[in-house]
Amino acid sequence: MKQCVYLIEENEQIAQNTYRIVFSGDTSAFTAPGQFLNLEVSGLYLRRPFSVCEWEKGHVSIVYKVVGAGTQKMSTFKRGREVDVLTGLGKGFDTENSGPRPLLIGGGAGVPPLMMLCKMLLAQKKQPTVAVGFGSAGEAFFQDAFRNLGVPVSIATMDGSLGAKGMVLDACRMDACTYFYACGPIAMLKAVCAASCSDGQVSLEERMGCGFGACMGCTVITQRGPKRVCTEGPVFDKGELVW
Amino acid sequence: MKQCVYLIEENEQIAQNTYRIVFSGDTSAFTAPGQFLNLEVSGLYLRRPFSVCEWEKGHVSIVYKVVGAGTQKMSTFKRGREVDVLTGLGKGFDTENSGPRPLLIGGGAGVPPLMMLCKMLLAQKKQPTVAVGFGSAGEAFFQDAFRNLGVPVSIATMDGSLGAKGMVLDACRMDACTYFYACGPIAMLKAVCAASCSDGQVSLEERMGCGFGACMGCTVITQRGPKRVCTEGPVFDKGELVW
Amino acid sequence: MVNMAVILCGIAMPNPVIAASGTFGFGEDFARLYDINCLGSFSMKGTTLSAREGNPTPRIAECASGMLNAVGLQNPGIDKVISEELPKIGEFYHRPVMANVSGFSVDEYAEICRRLDGQAQVGWIELNISCPNVHGGGLAFGTSPHSAAQVTRAARRATVKPLIVKLSPNVTDIVEVARACEAEGADGLSLINTLLGMRLDLKTRRPVLRNITGGLSGPAVFPVALRMIYQVYQGVRVPLVGIGGISSAKDVLEMMLAGATAVQVGSANLVNPYACRDIIKALPDAMADYGIKNLNDLIGGAH
Amino acid sequence: MVNMAVILCGIAMPNPVIAASGTFGFGEDFARLYDINCLGSFSMKGTTLSAREGNPTPRIAECASGMLNAVGLQNPGIDKVISEELPKIGEFYHRPVMANVSGFSVDEYAEICRRLDGQAQVGWIELNISCPNVHGGGLAFGTSPHSAAQVTRAARRATVKPLIVKLSPNVTDIVEVARACEAEGADGLSLINTLLGMRLDLKTRRPVLRNITGGLSGPAVFPVALRMIYQVYQGVRVPLVGIGGISSAKDVLEMMLAGATAVQVGSANLVNPYACRDIIKALPDAMADYGIKNLNDLIGGAH
Ligand SMILES: Cc1cc2nc3c(=O)[nH]c(=O)nc-3n(C[C@H](O)[C@H](O)[C@H](O)COP(=O)(O)OP(=O)(O)OC[C@H]3O[C@@H](n4cnc5c(N)ncnc54)[C@H](O)[C@@H]3O)c2cc1C
Ligand SMILES: Cc1cc2nc3c(=O)[nH]c(=O)nc-3n(C[C@H](O)[C@H](O)[C@H](O)COP(=O)(O)OP(=O)(O)OC[C@H]3O[C@@H](n4cnc5c(N)ncnc54)[C@H](O)[C@@H]3O)c2cc1C
Ligand SMILES: Cc1cc2nc3c(=O)[nH]c(=O)nc-3n(C[C@H](O)[C@H](O)[C@H](O)COP(=O)(O)O)c2cc1C
Ligand SMILES: Cc1cc2nc3c(=O)[nH]c(=O)nc-3n(C[C@H](O)[C@H](O)[C@H](O)COP(=O)(O)O)c2cc1C
Ligand code: FES
Ligand code: FES
């Protein structure tokens with residue numbers, strides 16, 4: 001973990017209620033896709049956690065959905081603004097166990113961290129497949145970005161305005177993959193784990209007090225006892241979870 | 001009273017710990033020198049009251065001393081920033097009763113409202129005299145500005161680094177004036193009233209909840225019962241005060 | 001179209017937003033700024049039997065997301081309120097107002113209620129029981145169920161107007177006090193009054209307030225107020241008025257969801273003179289955001 | 001040169017800043033960020049006799065200038081703390097720590113104190129009496145002088161270590177509780193624990209916290225904490241540890257002026273992991289600003 005001041009390079013709307021910020025600053029604390037940062041929003045007491053979408057030396061991006069006071073304020077942040085962030089938080093996805101054909105499943109605001117993961121898997125010469133779900137076509141993002149990487153993408157929307165109608169599981173087959181990675185609403189994660197025939201990892205969300213292990217605010221009960229989503233997670237192995 | 005959004009045109013340091021802001025915006029609510037405005041400082045709950053130093057149509061200035069969290073923040077405000085202000089607050093100085101030779105007495109952060117007052121008295125063909133007191137030479141301001149108006153100015157500093165050594169009363173004669181106007185620390189105001197042989201007006205300060213008469217936070221007991229500094233004041237006739 | 005109208009102790013209000021006592025004077029200063037007939041109602045400055053000059057200044061101190069006040073019930077006394085303020089109010093406000101009253105003995109509370117009983121424009125009487133009981137060792141009436149009950153009983157006998165008892169949050173068990181007031185005939189309860197707090201001035205090394213302690217209000221107290229409304233809602237049947245830190249339409253909805261039939265907005269009026277009007281204007285959109293058609297459906301919905 | 005060293009219940013500290021229980025874990029996460037030997041001390045995560053998984057999530061809710069938590073004392077139990085955490089702490093922290101303990105019966109408190117009594121690194125034992133008393137109807141021990149006294153008496157018999165009782169602010173009269181603890185042999189008192197509060201989620205129309213209510217902490221509670229330190233200072237002779245909303249060196253000075261010998265910094269650690277270190281670093285300049293040469297001269301100076 002490292003406390004940094006990041007400079008906003010870009011803050012652009014990429015879909016309905018959905019924005020992407022590119023920061024410049026020290027990214028040395030990030031080590032794996034699926035890690036997150038915790039961002040101070042002036043005027044609000046708690047920091048806001050966001051999964052890192054992509055990073056390279058000196059640059060990092062997040063994609064966020066406007067859902068409340070903090071993300072609302074963030075959507076007004078201008079290029080050139082400095083923000084205080086805790087970086088390199090949590091334990092990210094493990095790309096070692098993916099096997100040759102991992103499936104990446106994302107729902108809504110759970111899609112962003114899959115971008116970096118996908119690129120790393122490709123760099124490791126694996127053949128990832130992506131399945132994403134959104135509320136409607138207007139909220140969808142990254143489907144083309146994934147396709148441009150040469151990755152097969154299936155899409156579902158709840159209202160059927162894009163891709164299959166229904167949940168993301170309705171748009172993909174889980175039996176063809178060697179491993180899965182999932183990030184999205186808790187109901188989706190449960191369904192994915194239940195439907196899966198392979199091993200896999202899921203990224204959990206929990207309301208956080210600190211984001212770096214101090215407050216026990218984000219505990220989830222696992223097969224190996226209570227674990228902190230912010231420190232032992234947010235990514236957990238399917239087999240660890242109790243639900 | 002009028003709620004306005006003001007634009008900061010200038011925020012320059014004019015003496016040690018002392019700054020002057022020039023705002024542009026709607027000044028229609030101001031009617032007399034000695035009135036004040038109540039400024040929102042983002043991140044702090046209560047507004048901060050400041051006497052108006054000068055105003056003309058579309059422009060108004062204040063001069064403030066950095067004494068705490070709010071004024072500290074204000075000193076960092078940049079040109080182009082917008083601030084929410086309540087304008088035209090309180091009852092200002094009355095120039096009618098001044099007689100031909102009024103004396104204007106200011107101590108430290110009490111000096112600014114005397115500038116507009118002085119100019120109005122000059123416009124009314126009166127012959128004001130000004131006496132100002134500061135802690136030390138470094139904190140002094142406006143002495144030249146008053147002199148440039150052709151007004152006699154006497155100065156005192158507590159450490160004797162400029163003008164007479166001591167309080168402002170040590171630097172001026174109160175027996176030659178037809179009336180006096182005083183603004184500054186409470187001890188100075190008491191001393192001025194005690195030493196005066198003429199009638200006069202003083203401007204009081206009190207911690208304020210609202211600044212426009214709603215909370216009864218700023219009450220001062222007068223000969224005519226409790227009065228609100230923010231509404232019936234901040235300027236009171238010498239004869240009204242009980243001390 | 002959404003429905004914002006609610007009924008508080010038998011009196012219909014166009015919306016649930018009442019300006020809180022002590023932050024709205026007798027309405028006049030605000031009526032000069034906007035047409036205050038848009039309000040659900042307003043609660044007049046706390047009134048006592050005799051006129052009071054209040055506490056010495058400083059009476060105000062700033063806090064994170066809030067403020068302290070130790071105004072000390074400065075007011076012109078009940079007779080002047082009846083002879084001067086109420087007639088003035090009649091000129092710019094055409095609905096029932098809430099009369100907020102305080103006493104330093106049980107008899108004083110009863111006497112003020114008696115004098116207000118015949119006043120047509122007074123809709124509700126709101127008993128502020130956070131005052132020190134001079135006959136009971138100086139402790140505030142509101143800090144014990146017993147003395148709270150005594151005041152309520154005496155006031156109940158003195159008026160037929162809807163009686164709302166305003167509870168103090170500075171207690172171990174607010175439900176116990178609430179029940180005692182309900183049992184003695186309170187038609188409603190309003191809560192919370194301010195939390196006892198203080199600030200020191202590092203320069204003078206003395207309390208900022210001349211009164212030493214003062215009452216904390218503003219957004220800082222909202223979670224405590226909300227919790228108390230939630231708890232009291234489960235313990236009594238009379239309607240509740242939620243007070244404490246409300247500064248947005250969303251705060252209003254949250255307070256009603258916890259169990260409030262109406263709300264009061266206090267300190268927010270001081271930092272934004274248009275706060276009540278702004279909140280009322282924002283209510284329909286906020287309701288729509290959360291799929292609320294009728295505010296009455298929301299009351300106590302979180303239980 | 002200024003003097004920041006203070007003595008708390010006979011134990012010397014380089015400065016008065018203690019990291020508060022529940023916001024600093026067992027120190028490890030922070031020791032990785034900075035050398036925590038700069039601290040006055042730290043209070044370990046609240047420990048119970050048996051291990052506890054704590055409350056279901058969500059356990060955290062945001063408030064204006066503060067937060068709610070309902071962690072519910074998740075901890076590995078006293079034996080693991082002794083066998084695993086304390087030895088680890090010994091590797092990165094070389095001064096006495098404060099052991100924050102909780103029980104659900106008087107006997108549990110006593111038993112934990114007994115087990116801690118021989119632990120060399122434990123300087124003070126801090127009794128958190130905000131826990132529900134399972135044998136006393138579920139009310140928190142700290143809400144009545146009687147049950148607070150019972151816990152203190154039992155703990156006092158179980159240990160010779162300096163005993164600090166941590167008071168709950170959710171009471172009508174905190175001085176009464178403080179006096180009861182002092183009378184039973186408390187060597188010091190720390191206050192305040194969190195104020196009971198809640199938040200609702202307008203989308204789900206349910207409490208944000210699964211536990212429904214939670215404890216409010218952060219700058220929002222500072223004026224209440226300060227008032228309570230000021231009041232308790234007048235009512236007891238034992239040293240006080242001021243807690244609640246402290247997030248700057250000035251806050252430390254204000255709390256000491258009110259009567260605190262030392263202070264604890266809680267929530268501030270969560271939003272700024274370097275908060276304690278930053279505050280300690282800023283203390284000498286803040287002292288100079290107000291002409292303070294020796295912090296000990298400040299304690300209770302506002303009375
Ligand atoms: C590890 C992690 C990674 C995340 N990654 C992303 C991401 O990449 N993109 C994205 O859009 N969102 C992400 N989220 C969710 C994001 O943190 C919330 O949407 C955001 O905090 C909401 O803030 P707000 O002020 O707009 O909402 P409000 O509801 O006003 O926030 C109130 C409080 O609740 C918390 N909160 C609200 N919703 C959530 C939530 N879903 N999870 C955790 N805390 C919440 C806030 O942090 C704040 O403390 C992530 C959450 C976690 C825990
Ligand atoms: C009618 C009026 C006119 C004023 N005009 C001027 C002026 O022209 N120039 C100038 O420099 N100062 C003026 N002051 C004083 C100015 O309001 C304070 O210096 C300022 O509010 C301090 O804010 P702070 O946050 O820096 O101090 P802090 O001490 O951090 O403020 C804490 C709280 O105390 C209040 N406060 C602190 N000092 C004073 C004070 N002296 N008077 C009233 N409230 C105070 C603040 O408003 C705030 O609510 C005036 C005050 C009043 C009442
Ligand atoms: C300046 C001021 C004066 C107050 N005077 C009274 C009063 O006279 N009677 C009363 O019952 N409450 C009084 N209150 C309390 C408010 O009515 C309200 O209960 C409290 O401020 C909490 O609401 P808020 O957080 O919206 O301000 C006063 C509050 C303030 C800030
Ligand atoms: C997440 C969290 C967990 C806490 N856990 C404990 C605890 O285990 N034992 C205890 O005595 N106090 C606990 N507290 C209370 C703090 O120690 C402190 O008394 C309170 O937060 C007020 O201080 P603050 O405003 O600086 O946070 C906890 C507070 C928080 C925020
Ligand atoms: S958020 Fe504090 S421990 Fe995870
Ligand atoms: S400051 Fe509120 S009445 Fe004067």
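In what follows, chains are A, B, ... by sequence order, proteins preceding strands, each numbered from 1. Bear in mind that the values here come from a model prediction, so they are computed numbers and not experimental data. Excluded from the calculations below are hydrogen atoms, water molecules and symmetry mates; all remaining heavy atoms, backbone and side chain alike, are included.
- With chain D as the partner, the residue from E40(A), K2(A), E206(A) showing the most heavy-atom pairs under 4.5 Å is E206(A).
- For I60(D) against G209(A), the heavy-atom pair with the smallest separation is CG1-N, 3.8 Å.
- For the residue pair T57(D)/R207(A), the side-chain donor-acceptor check at 3.5 Å is not satisfied.
- Between P273(D) and M1(A), the closest heavy-atom pair is CG-CE, 3.9 Å.
- For a residue to count as touching a neighbouring chain, one of its non-hydrogen atoms must lie under 4.5 Å from one of that chain's; by this rule L86(A) touches chain D with the side chain only.
- Heavy-atom pairs under 4.5 Å with chain A peak, among V71(D), N269(D), V208(D), N69(D), at V71(D).
- Side-chain atoms of E62(D) come within 3.5 Å of backbone atoms of Y45(A) as a donor-acceptor pair (strictly under, hydrogens ignored).
- When heavy atoms are compared at a cutoff of 4.5 Å, L46(A) approaches chain D by way of both its backbone and its side chain.
- Between atom CG of residue N75(D) and atom CE of residue M216(A) there is a gap of 9.5 Å, rounded to the nearest 0.5 Å.
- Looking at D29(D), only its side chain comes within 4.5 Å of chain A, counting heavy atoms on both sides.
- When heavy atoms are compared at a cutoff of 4.5 Å, V67(A) approaches chain D by way of both its backbone and its side chain.
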Subject >> Steps toward side-chain contact (heavy atoms from CB on, under 4.5 Å) verdict (I221(A), E53(D)) >> reply: CA-CA 8 Å; I221(A) 305 299; E53(D) 293 192 342; 3.4 Å; yes
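- Rounded to the nearest 0.5 Å, atoms CE (M67(D)) and SG (C210(A)) are 8.5 Å apart.
- For M208(A), the part lying near chain D is the backbone, with the side chain staying farther off; criterion is any non-hydrogen pair under 4.5 Å.
- With a 4.5 angstrom heavy-atom cutoff, F26(D) does not touch chain A via any of its atoms.
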